[in-house]
S.K.: 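Once you've had a glance at the structure underneath, I'll fire off some questions.
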Amino acid sequence: MTTIRPRRSVLYMPGSNARALEKAREIAADVLILDLEDAVAPEAKAAAREQVCAAVKAGGYGRRELVIRTNGVDTAWFGDDLGAAVEAKPDAILIPKVSAPETLDQIGAQLDSLKAQPTLRVWAMIETPLAILQAEAIARAARNPHSRLSCFVMGTNDLAKETRARFVPGRAPMLPWLTSAILAARAHGLDILDGVYNDLKNEEGFLAECEQGRDLGFDGKTLIHPAQVATANAVFAPDEAELAQARAIIAAFALPENQGRGAIQLGGRMVELLHAEMAKRVVALSEAIAG
């Protein structure tokens, strides 16, 4: 099994806010997205780029995964964003509004020409109608190591804007899009992160949407405020009952009498080898979170 990196809570931090970048070193999010795009006014783009890249170079973020979100590839800021991000050496670069696999080919070539470190990953925002329609083709780019693609990030606010879908409890208008993106990501070995929840005062609604995202198959949730981190961390981590069940399945298949068997009975349930593989991932995720 490949190494699992927890991405339960993925917090956007405005790149133009020096105090926020400093405070982020103490926030218990698994991932920080240092944002040069939506959260930054046009006149502040250059200063934000310099500030974000300096913060990444300075370090001090501990185990947190650091991701720089650039401006879009068709903007005047993208070239400078990409060059500065490569120099800063974050864990990944998040590209907004990826609507076609050709965009990833282009970025892969640019990263090669910039001599980006081999470990640098590319994350893609899935936030346009065309991206949903081409989700599988975009995800398939990950089959080519040149693309560096490793994660999809849902941009549900932009999808709502482009489609005129309304935000309603349960997200019925968006469910086909979310599941299409999840299928595409899993078909090609990508992680995938749920979109943001906008109503900071509605804690019950946020909890319900985290649970829905987990049950749909997302690895974690993107967040807009530090107050949302604890809930996302709890929901997207295995609970004690799930962990105990996973360990029981693994132990049962390890018994001498069950060697070579494809299915066994455990606690009145039929359990197959595929359940043992799922159980191993639950345990590995729990250990990665604890580690």
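When reading the values below, keep in mind they use all heavy atoms of this one structure, side chains included, and skip hydrogens, waters and symmetry mates. All residue numbers in this chain count up from 1 along the given sequence.
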S.K.: Taking the side chain as everything from C-beta on, heavy atoms only, tell me whether Thr231 gets closer than 4.5 Å to Phe236.
M.R.: no

S.K.: Between Ile249 and Ala276, which heavy-atom pair has the shortest distance, and what is it?
M.R.: CG2-CA, 3.7 Å

S.K.: Is there a donor-acceptor pair closer than 3.5 Å between any side-chain N or O of Asp35 and the backbone N or O of Ala39?
M.R.: yes

S.K.: Apply side chain to side chain contact (heavy atoms under 4.5 Å, CB included) to residues Phe206 and Leu223 and explain how you reach the verdict.
M.R.: CA-CA 10 Å; Phe206 176 63; Leu223 312 173; 3.6 Å; yes

S.K.: Search all heavy atoms of Leu32 against all heavy atoms of Ala29 and return the closest pair with its distance.
M.R.: CD2-CB, 4.1 Å

S.K.: Membership question, hydrophobic clusters at under 4.5 Å side-chain separation (ILVMFWY): are Leu111 and Ile138 in the same one?
M.R.: yes

S.K.: Linking Ile, Leu, Val, Met, Phe, Trp and Tyr by side-chain heavy atoms under 4.5 Å, what else ends up with Ile224?
M.R.: Val10, Tyr12, Val31, Ile33, Val67, Leu94, Trp123, Met125, Val153, Leu193, Val196, Leu200

S.K.: Drop me the distance from Asp112's CG to Arg148's CZ, to the nearest 0.5 angstrom.
M.R.: 5.5 Å

S.K.: Search all heavy atoms of Gly72 against all heavy atoms of Pro96 and return the closest pair with its distance.
M.R.: N-CG, 3.9 Å

S.K.: Donor-acceptor check, side chain of Ser147 to backbone of Ala141, threshold 3.5 angstrom: yes or no?
M.R.: yes

S.K.: Supply the atom-to-atom distance Glu37 CD to Arg69 CZ, rounded to the nearest 0.5 angstrom.
M.R.: 4.5 Å

S.K.: Measure from the side-chain N and O atoms of Asp158 to the backbone N and O of Glu127, and report whether any donor-acceptor pair falls under 3.5 Å.
M.R.: no

S.K.: Please examine the side chains of Ile289 and Pro238, heavy atoms only from C-beta on, and report whether any two atoms are closer than 4.5 Å.
M.R.: yes

S.K.: Kindly compute the distance separating CG (Leu36) from OG (Ser16), expressed to the nearest 0.5 Å.
M.R.: 9.0 Å

S.K.: Using a 3.5 Å distance criterion without hydrogens, assess whether the side chain of Gln228 forms a donor-acceptor pair with backbone atoms of Tyr197.
M.R.: yes

S.K.: Would you call Lys97 and Glu162 a salt bridge, taking side-chain N to carboxylate O under 4.0 Å as the test?
M.R.: no

S.K.: Hey, is CD on Glu203 packed in by over 12 heavy atoms from elsewhere, all under 6.0 Å?
M.R.: no

S.K.: Show the nearest heavy-atom pair for residues Ala288 and Arg63, with the distance to one decimal.
M.R.: O-NH2, 3.2 Å

S.K.: Taking the side chain as everything from C-beta on, heavy atoms only, tell me whether Gln51 gets closer than 4.5 Å to Asn17.
M.R.: no

S.K.: Is a donor on one side and an acceptor on the other found under 3.5 Å between the side chain of Lys89 and the backbone of Gln117?
M.R.: no

S.K.: Could you measure the distance from the CD atom of Gln259 to the CZ atom of Phe253? Nearest 0.5 Å is fine.
M.R.: 10.0 Å

S.K.: Which distance, rounded to the nearest 0.5 Å, do you find between the CD1 of Ile126 and the CG of Leu190?
M.R.: 9.0 Å

S.K.: If you apply the rule side chain to side chain contact (heavy atoms under 4.5 Å, CB included), what do you find for Thr128 with Leu159, and how did you get there?
M.R.: CA-CA 5 Å; Thr128 67; Leu159 279 168; 5.5 Å; no

S.K.: Side-chain contact, heavy-atom cut-off 4.5 Å: Asp191 with Arg186?
M.R.: yes

S.K.: Please give me the minimum heavy-atom distance between Ala131 and Val98, naming the atom from each residue.
M.R.: CB-O, 3.3 Å

S.K.: Check Glu22 with Arg19, please: is the shortest side-chain N to carboxylate O separation under 4.0 Å?
M.R.: no

S.K.: Look at the side-chain heavy atoms of Ile, Leu, Val, Met, Phe, Trp and Tyr, link any pair under 4.5 Å apart, and say whether Leu266 and Val282 land in one connected group.
M.R.: no

S.K.: Is a salt bridge present between Glu87 and Lys57, judged by a nitrogen-to-oxygen distance below 4.0 Å?
M.R.: yes

S.K.: Determine yes or no for a side-chain-to-main-chain donor-acceptor pair under 3.5 angstrom, with Arg64 supplying the side chain and Ile27 the backbone.
M.R.: yes

S.K.: Mark yes or no for whether Glu65, through its side chain, and Asp30, through its backbone, hold a donor-acceptor pair below 3.5 Å.
M.R.: no

S.K.: Before accepting this row, confirm whether a basic side-chain N of the pair Arg281/Asp219 lies closer than 4.0 Å to the acidic partner's carboxylate O.
M.R.: yes

S.K.: So, Arg25 side chain and Gly59 main chain: donor-acceptor pair closer than 3.5 Å or not?
M.R.: yes

S.K.: Has the side chain of Asp194 got a donor or acceptor atom that lies under 3.5 Å from a matching backbone atom of Gly220?
M.R.: no

S.K.: Could you walk me through whether Lys45 and Glu50 satisfy the side chain to side chain contact (heavy atoms under 4.5 Å, CB included) test, starting with their C-alpha distance in whole Å, then the side-chain angles of each, then the deciding distance to 0.1 Å, before giving a yes or no?
M.R.: CA-CA 9 Å; Lys45 297 285 189 186; Glu50 186 176 332; over 6 Å; no

S.K.: Say whether Leu114 and Ile107 are linked into one hydrophobic cluster, either directly or through other cluster members, by side-chain heavy-atom distances under 4.5 angstrom.
M.R.: yes

S.K.: Give the cluster check for Leu183 versus Leu178: same hydrophobic cluster or not, with ILVMFWY residues linked at side-chain heavy-atom distances below 4.5 Å.
M.R.: no

S.K.: For the CD atom on Glu257, are there more than 12 heavy atoms of other groups (residues, nucleotides or ligands in this structure) within a distance under 6.0 Å?
M.R.: yes

S.K.: Do Met174 and Arg166 come close enough that some side-chain heavy atom pair is under 4.5 Å?
M.R.: no

S.K.: Please check if atom CD in Glu211 has more than 12 non-hydrogen atoms from other residues, nucleotides or ligands closer than 6.0 Å.
M.R.: yes

S.K.: Under 4.5 Å between side-chain heavy atoms, hopping through other hydrophobics if needed: is there a path connecting Met278 to Ile192?
M.R.: no

S.K.: Does the distance from a Lys or Arg side-chain N to an Asp or Glu carboxylate O, for Glu209 and Lys221, drop under 4.0 Å?
M.R.: yes

S.K.: With a 4.5 Å limit on heavy-atom distance, are the side chains of Asn71 and Asp80 in contact?
M.R.: no

S.K.: Would a distance-only check, ignoring hydrogens and angles, find a side-chain to backbone donor-acceptor pair under 3.5 Å from Asn258 to Arg261?
M.R.: no

S.K.: How close do Ser150 and Arg121 get, counting heavy atoms only, and between which atoms?
M.R.: OG-CB, 3.5 Å

S.K.: Are any of the side-chain heavy atoms of Glu277 and Leu273 separated by less than 4.5 Å?
M.R.: no

S.K.: Report yes if some heavy atom in the side chain of Pro14 is under 4.5 Å from a heavy atom in the side chain of Val40; otherwise report no.
M.R.: no

S.K.: Assess the residue pair Asp81 and Ile93 against the criterion (side chain to side chain contact (heavy atoms under 4.5 Å, CB included)); give the C-alpha distance rounded to whole Å, side-chain angles, the decisive distance to 0.1 Å, and a yes or no.
M.R.: CA-CA 10 Å; Asp81 287 352; Ile93 295 173; over 6 Å; no

S.K.: Can you tell me how far apart CD (Glu242) and OG (Ser286) are? Round to the nearest 0.5 Å.
M.R.: 9.5 Å

